[in-house]
Amino acid sequence: MSEDLFTEMTETLFEDKSILSEEYRPDVIVERDDEIDAYRSALKDVLFGRNPANVFIYGKTGVGKTAVTEYMMNALQAEVKRRDEAEELHVHFRNCNDDSVYRTVRSLINSIRGDEGESFPETGLSTSHALETLYGEMEALGGTFLFILDEIDHLSDPDSLLYELPRARANGHLDAARVGVIGISNNYTFRSSLSPKVKDTLMEKELAFSPYDADELQSILTARAEKALVDGACKDSAIRLAAAKAAKDTGSARQAIDLLREGGDVAEEQGATAITDDHIEVAAARVQRGRVRDKLRDQTMHGQLILESLARIEGDGNVPARSKEIQAVYERVARNWSHDPLTTLKSIQNHLADLTMLGFLERTEQNEGRAGGVHYRYELALDPEIILETRESIETQP
């Protein structure tokens, strides 16, 4: 009977599993004291009614950039409320992944207006009109505005926004309101891509978040485990192993926490009373497959098709392969999925270069002398089976 399927599930190793989720924000941030001190110094002008500094934060995924930013904003807002000399503080977050400047400004307008206000149009107006509207909303409220732009390097035209906002008061757009930009990026070279006039305008303070080492990740996992798991539900060696694996791979707290959570699931599936090293080993394989799937889904359609093509070439034992060989398979794969393939070899080579830079591919240089010249050969740096499974699910699931 279907009602009996879950009757045996009466025990759990988790006291509060949400503490091991990506959305959870701890009350206390551990292992980021130096970054918090630097952040506090960068934000201090807000407390005295001065123009806020622009702050840019760099670091790989999962090293605490967004979590620390939210933590600092909460602390800053609380302190502003306690001080008579501080102006009212308005904090607004926006993730800029694949965003245009217009959509970003529209989102900030709607965030200021709140649920009760009229939504700014999605289309039909110019970016300059949207900026004028944003300034009007800010002036109506007054005080200090901090705009936190996460993944700012993914904004379609960051130059225009980062030139406009910091100069808003100097250009007469703002009088009663002040504004500061906090940009968060995984790309350490983002600043170098900005125009010289934007760099001069920003005069930003930069904070770099380095990857966590094994000891730091062990400290983070221990703090999470104490709240997330029942007493005695995890061996100390399992926490050390999860921390060591994540430190060796990415230095990401997110990855380490994922390993611990998945390790708990594995232990429960096996009817164990505590998470052990063996459970973490199984969890590591599962988490790796999940990370590859997520990274693959984030790529463009043609990038995915090229990766699928290389997975099929590898299955036939023909790697490493030249770009011409990859193009021939790519065209067949694209048409099999009813997609129009890219028509030039140069487009394929550009995608291959991008995928190599992102760590999906390994590239070797071949020099065949005067007859063949110098060329590149490519092969996957990932499990081809995972790529084929993920591509199948993307194309067949509605």
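Fair warning: this is a prediction, and the values are worked out from it, not measured in the lab.
Salt bridge Glu365/Arg377: absent, no basic N to carboxylate O contact under 4.0 Å. Between Asp265 and Lys17 there is a salt bridge, with a side-chain nitrogen of the basic residue lying less than 4.0 Å from a carboxylate oxygen of the acidic one. A salt bridge is defined here as a Lys NZ or Arg NE, NH1 or NH2 lying under 4.0 Å from an Asp or Glu carboxylate O, and Glu35 with Lys65 fails to meet this definition. Using a cut-off of 4.0 Å between Lys/Arg side-chain N and Asp/Glu carboxylate O, Glu15 and Lys227 are scored as not salt-bridged. Taking the charged nitrogens against the carboxylate oxygens, Arg254 and Glu22 do have a contact shorter than 4.0 Å, which makes a salt bridge. Between Asp213 and Lys248, no side-chain nitrogen of the basic residue sits less than 4.0 Å from a carboxylate oxygen of the acidic one, so the salt-bridge criterion is not met. Of the charged side-chain nitrogens involved, none lies within less than 4.0 Å of a carboxylate oxygen, so that Arg169 and Glu164 do not count as a salt-bridged pair. With salt bridges taken as basic N to acidic carboxylate O contacts below 4.0 Å, one links Arg94 and Asp99. A salt bridge between Glu204 and Lys199 is absent, with no side-chain N of the basic residue lying under 4.0 Å from a carboxylate O of the acidic one. Salt bridge Arg191/Glu206: present, at least one basic N to carboxylate O contact under 4.0 Å.
Side-chain N/O atoms of Ser18 and Asp16 include a donor and acceptor closer than 3.5 Å. Under the 3.5 Å distance criterion, with hydrogens and angles disregarded, a donor-acceptor pair is assigned to the side chains of Arg106 and Ser119. Residues Ser219 and Thr222 bring no donor and acceptor atom of their side chains to less than 3.5 Å of each other. Side-chain contact of Glu325 with Asn318: a donor-acceptor pair under 3.5 Å is absent, judged by distance alone. Judged purely by distance below 3.5 Å, without hydrogens or angles, the side chains of Thr189 and Asn187 pair a donor atom with an acceptor atom. Judged purely by distance below 3.5 Å, without hydrogens or angles, the side chains of His279 and Glu269 never pair a donor atom with an acceptor atom. For the residue pair Ser107 and Asn110, no side-chain donor N or O sits within less than 3.5 Å of a side-chain acceptor on the partner. In this model, no donor atom of one side chain and acceptor atom of the other lie less than 3.5 Å apart for His351 and Tyr330. Inspection of the Asp150 and Thr66 side chains reveals an N or O donor paired with an N or O acceptor under 3.5 Å. Looking only at atom types and distance, the side chain of Glu268 has a donor-acceptor partner in the side chain of Thr12 under 3.5 Å away.
Tyr163 carries Lys197 over the face of its six-membered ring, with the cationic atom under 6.0 Å from the centre and within 45° of the normal. Tyr71 does not carry Arg32 over the face of its six-membered ring by the limits of under 6.0 Å from the centre and within 45° of the normal. Remark: Lys295 is positioned above the aromatic ring of Phe360, its terminal NZ or CZ atom under 6.0 angstrom from the ring centre and at most 45 degrees off the axis.
Note: Phe120 and His129 have parallel aromatic rings, judged against thresholds of 30 and 60 degrees for the angle between ring planes.
Considering CG of Leu43 and NZ of Lys205, their distance stands at 10.0 Å, rounded to 0.5 Å. Atoms CD and CG, on Gln255 and Asp258 in that order, are 7.5 Å from each other to the nearest 0.5 Å.
Here the side chains of Asp37 and Tyr39 are not in contact, with every heavy-atom distance at 4.5 Å or above. No side-chain heavy atom of Glu137 sits less than 4.5 Å from a side-chain heavy atom of Leu141. A heavy-atom distance below 4.5 Å is found between the side chains of Leu229 and Phe14.
A side chain to side chain contact (heavy atoms under 4.5 Å, CB included) with Trp337 holds for exactly one of Gln304, Glu308, Met301; it is Glu308.
Hydrophobic clustering, with ILVMFWY side chains joined whenever heavy atoms are under 4.5 angstrom apart, keeps Ile182 apart from Ile112.
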